[in-house]
Amino acid sequence: MSSKDIPQTLTDIETALVLDAPAEVLDAHFERLLGLALSLPHPDAGKVAAALWQAAGELASDPSAQARFESLASALRSMHRGAPTDVSSLLAPPAPVSAPQRPIESTPSVGSAEAPPELPVFEAGERALIDEFILESTECMDLAEQSMLALEAAPHDPELLNSTFRAFHSVKGVAGFLRLSQVTRLAHAVETLLDRARRGEVAPERGFIDLVLQGIDCVRRLLTWLAPQATGEAPTTPCPETATLAAAAEAYAAGQRAPAAQPATVDASTPSASAASPASPAPAASPVPEPQRRPAATQVKVDTEKLDALVDLVGELLIAQSMVAEDARLAGAPSTQAARNLTQLARIARDLQRAAMSMRMVPVSGTFEKMVRVAREAGKHTSKQVVVNTVGGDTELDRTVTELLHDPLVHMVRNAIDHGLESTEQRRAAGKPEVGALTLAARHEGGQIVVEVRDDGRGLDPAKLIARARERGLIGQNEALTDAQAFQLIFLPGFSTAAQVTDLSGRGVGMDVVRTNVERVRGRIEVESRIGEGTTFRIRLPLTLAIIDGLLLRIGEERYILPTEWAREAIRPKADEVSYVFGVGDMVTVRGELVPLRSMAEHLGAGVAGPRPENGIVVLIEGGGRRCGLVVDELLGRQEVVIKGLGDALGQVPGLAGGAILGDGRIGLILDVRALLDRAHRAAVLPTAA
Amino acid sequence: MHPDHTAPEASRRGPQRAEGKYLALALGEEEYGIPVLDVREIVGLMPITRVPNASPNVLGVMNLRGKVVPVVDLRARLGAQMLEATRQTCIVVVKPEGSPLIGILVDQVLEVMQPAEADLDRSPSVAHAALGVIALAKSKGKVRVLLDIGTVLAGEV
C-alpha cells in the first residue's frame, strides 16, 4: 500500500462522481482510498476518508454535502503531502440530515453516541446475493477462527495470519458491494489490524488474538442478523459493539495498545444494547448467542467438477446396466428372480441419474435478479422509466445453461430498453403508459425450458429490417421475405438496427452473438413482434445439457448421432422426387417444396461415396427458418445419449457438436446441425442472390 | 470470494528431465523413449472412432472408461513405417504437463528404462528442444530417441 496514490484516487472518485459511474465503481475507489488513507501517518486520515465516502453518498440528497466533500478531499490531499492538518472541525458529527437511503459508510466519528441501527434496505434482487454472502462469509469466519486459535499455539506461522486476512478481505469485499456498511467497517478494521500483524508491525500476542476473535464473533452476529428473520419483524441492531470493536481494532493497529475494546461480550440484555434498540425487539429478533442459528447450514458446497464427474459416471452406469440387461436377454429367458433384479437395477439407475441431474439444476431467479439490476442501470443510462416483472423465477435450469445464458440475457435486456422501448415523450404521444414494462418469464413447455424477454415498446418493423439488410448487402435487392423471416434478419452478423451506436448496445456485437450463445447450449431463439405493441424474444432451452435424445445414423462405416430436436422427418425419396439444380446440387421435393440435400458421406469425408438420395434415407432437419435434407445410409434407431466433449485436446471440431458413448462402448459423434443448416442455406441462397 | 487455499505445489519433476525414467516404445523399426512421468496408463488397442475434419495424424477418439480421448498415430507424426496392428500394438495414454489426456498408438511398449547420464548424447546436433528431442540414449546396442512428448504432440490435436 503506497500512499502516493491518494491524489490519483481522489481524482478517480471526482471523475466517477461527475460521470455518474455505477455505485460499485465508486465504492471500489473509496475502498482503495480508505486503505490508502489508513496507511498515512496522520491518525485521522482513515476517518477523513470514511467521512468523504459518507459525504459522497449524501451528495444527491444533501446540498451541504458538496462543500463538506470538497473540504474533506482537500484535507486528505494535504495529509498526503504530510502537511499538518487539523480535521477536528471537519470530523464533527454532521448535522443529522435525512438518513441516506442506502447507508454507504458508518458514522465516521467513532465513540459518539451509538447511531440508530442501520437498516439495510435490500432491493428485491439482493436477497439471493445476501444469502450467498451469509453462507460464504460464515465459512470464511469459521476458517478465520480456526486459524486464530491455531495462531495461539504457533504465533510465528505467517500462513495463519494470511488466511485470516484473506477471510476478512473476502467478507469486506462482498459486504462493500452489498453496502452492508457495518460489516464492511468492522471487516476493514480487522483486516487492517491483520495486515499490520502480517508485516510484523503488531505482535500476534494474546490481546491481538482476542480482538480478532471478538471481531469474528461480531461478524457472525451481524450475519445472523442479516439472515431472513423468521418473525418477519424489522431487525434490530445486531451487534452494538461493532463500532467500538472496529475502533478498538483501528487503535490497536495504530499501535495504541490501551485496550480500548471493552470486553465485548455484550448480550441482548445489557443496557447499551437495549438503549440502542429502543423499539423493543421481539425475542426472536434479538441477537441470540451465535451457534444457535447457523444460516443455511443445510447446504454443502461441491466443486462442479465433482458434480460433472458424478453425472458422467451415472451415465456410464446406465450404459453398463443396459448392456447387462441385453446380455441377460440374449442368454435366454432369465429366471423370474433375475428379471426382477434387473428391473430393480434399471429403476435404481434411472433414479440415480435423475438425482444426479437435479443436483446441477438451479432456479433461474438468480439470473433474473441480476437482469433486474441490468435493466435498472440501462434505464438510468437511457433516462427511460422501466418496470421489470419476472415470472416463473423458480423454474430450474442446468447450472451450465444458466451461466451461458447470462450474457445473452444481458444483451437482450439492454437492447430491449435501449432500442425496444420508446422515450417517455414518445410513449406519452402514443398513448401508452409512460413507464415501460419489461417482462422476464420462464416456464416449462413440452420438455423444454422457455425463457422470454418481453418489452412493450415500439416493436420491430419488418420493412425497416428488410431495408437495412438490403443496404448492408445481407439479402438480395429483390428478395421477398415474410415478417417472420424479416425478424430473423436481426440475428445475422453485421446487422444492427440502432441508427447510432450507443454506449449500451449496438457496439457491433449484436444479436448474432446472442444466437450463437443460445445455440451453444442447444437452445433456439425466436422473435415475435408487433409494431407499436412490443417485441418478445423467446429462448427455448433443453432441460439439461448432459443428455440428448438422438437419432442414430449410419454414414459409411461410422455411426453418428443427430439431435432429435432438429429432425423433422425421415423419408425414402423416389427417384423422380430428386432433382439436380445447377449451382445448388441435389434437391428433393417434399410436399411440393424443394429442399437442398447434403450427402453426409461427402460432408464427413467418409472415404466411400455415399448412397444416391433415392437409395438411402433422407433426414429432414429444420432450424431458424432453414431446411435441409441429410442423405445417410441407414437410420439405426433413436437413443438417449450422454453428451461428452471431444476432449480438451480436440476441442471444437468443425461439423461436430461432441461425442457420446454408445451402447456397445464405442464412441458415436454428434453432428452439429446448425453448421449443416448454415452450409446448406448458403449453398441454396447464394445463386439466387447473385 | 473463497479464501485462497492453494499452497505452492511441490515440483513433481527434477530439474533435468533426461535424468528420469523413460518408457521405451517401438514405432516401426525405430525405438523411442518418453518420460514416464507423462504416461498415465497403457491400454490395448480398442475401437477408435474416426473424427472427420480433425488433423491428419489424429486417428480418432476412444472411450477410456467414459472419457472421450483422442488418439494420435505417433508413427505418422514421426514419419516411421506403418506396420499392421499386432498383439503388441497398444495405446499409451499420456498427459504431458499443461496438456489434456491424449492416447498415442505405438507398435510395442518395450520397457521402462533409466539411462545413465554417460549413455546420453545431448549434443546440439541431436537434441532439438523445439522438435521435442531431449537426447539420444544408447542402450543395448540400439539408439533410442528420447522425446518430450508434450512438444511432439503440441499442435497435433
Side-chain angles (χ1 to χ4, degrees), chain A residues 132-133 136-137 139-140 143-144 147 159 162-174 177 301 309 312-313 315-317 319-320 555-560 600 603-607 642-651 653-656 658-662 664-669, chain B residues 1-10 38 40-41 43-74 77 91-105 149-157:
Chain A
E132 200 174 318
F133 167 71
E136 293 186 351
S137 300
E139 278 170 22
C140 283
L143 189 82
S147 299
E159 191 40 45
N162 282 335
S163 70
T164 316
F165 174 83
R166 284 193 299 261
F168 273 97
H169 185 77
S170 295
V171 171
K172 183 188 79 169
V174 182
F177 172 71
K301 250 190 171 151
D312 273 1
L313 284 172
E316 293 312 303
L317 178 70
I319 292 167
I555 299 165
E557 300 285 291
E558 303 279 356
R559 287 168 299 171
Y560 287 87
M600 292 310 286
H603 177 69
L604 297 166
V642 178
I643 300 186
K644 316 235 168 192
L646 286 180
D648 299 337
L650 284 179
V653 179
L656 297 178
I661 292 164
L662 301 176
D664 60 0
R666 294 189 62 154
I667 294 171
L669 299 173
Chain B
M1 62 167 287
H2 313 282
D4 181 15
H5 299 291
T6 46
E9 197 183 314
D38 288 340
R40 283 291 163 277
E41 64 183 295
V43 295
L45 194 57
M46 54 165 78
I48 296 171
T49 302
R50 197 185 63 86
V51 178
N53 306 326
S55 80
N57 296 331
V58 174
L59 289 167
V61 287
M62 64 169 177
N63 169 16
L64 184 69
R65 291 186 306 282
K67 273 204 177 75
V68 179
V69 177
V71 183
V72 172
D73 193 338
L74 199 55
R77 170 67 183 83
I91 297 170
V92 179
V93 182
V94 297
K95 189 178 182 323
E97 210 167 67
S99 145
L101 279 181
I102 298 173
I104 52 179
L105 187 77
I149 194 70
T151 310
V152 171
L153 292 178
E156 206 44 59
V157 286

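Each chain gets a letter, A, B and so on, in the order its sequence line appears, and its residues count up from 1. Computation of the quantities below employed the complete heavy-atom set of this structure, encompassing side-chain atoms and omitting hydrogens, waters and symmetry-equivalent molecules.
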Looking at B:Arg77 and B:Val152, would you say the former's side chain and the latter's main chain have a donor-acceptor pair under 3.5 Å?
yes
Chain B heavy atoms under 4.5 Å from A:Phe168: which part of the residue, side chain, backbone, both or neither?
neither
Please list, chain by chain and in numerical order, all residues satisfying side chain to side chain contact (heavy atoms under 4.5 Å, CB included) with B:Leu45, sequence neighbours excluded.
B:Ala85, B:Thr89, B:Ile91, B:Leu105
Checking A:Ser147 side chain against A:Ser163 main chain: does a donor-acceptor pair fall under 3.5 Å?
no
Ranked by heavy-atom pairs below 4.5 Å to chain A, first place among B:Ser99, B:Pro47, B:Pro52 goes to B:Pro52
Checking heavy atoms, do the side chain of A:Ile661, its backbone, both or neither come under 4.5 Å from chain B?
side chain
Who passes side chain to side chain contact (heavy atoms under 4.5 Å, CB included) against A:Leu317, sequence neighbours left out?
A:Ala349, A:Leu352
Whatever's closer than 4.5 Å to a heavy atom in chain A on B:Met62 counts as backbone
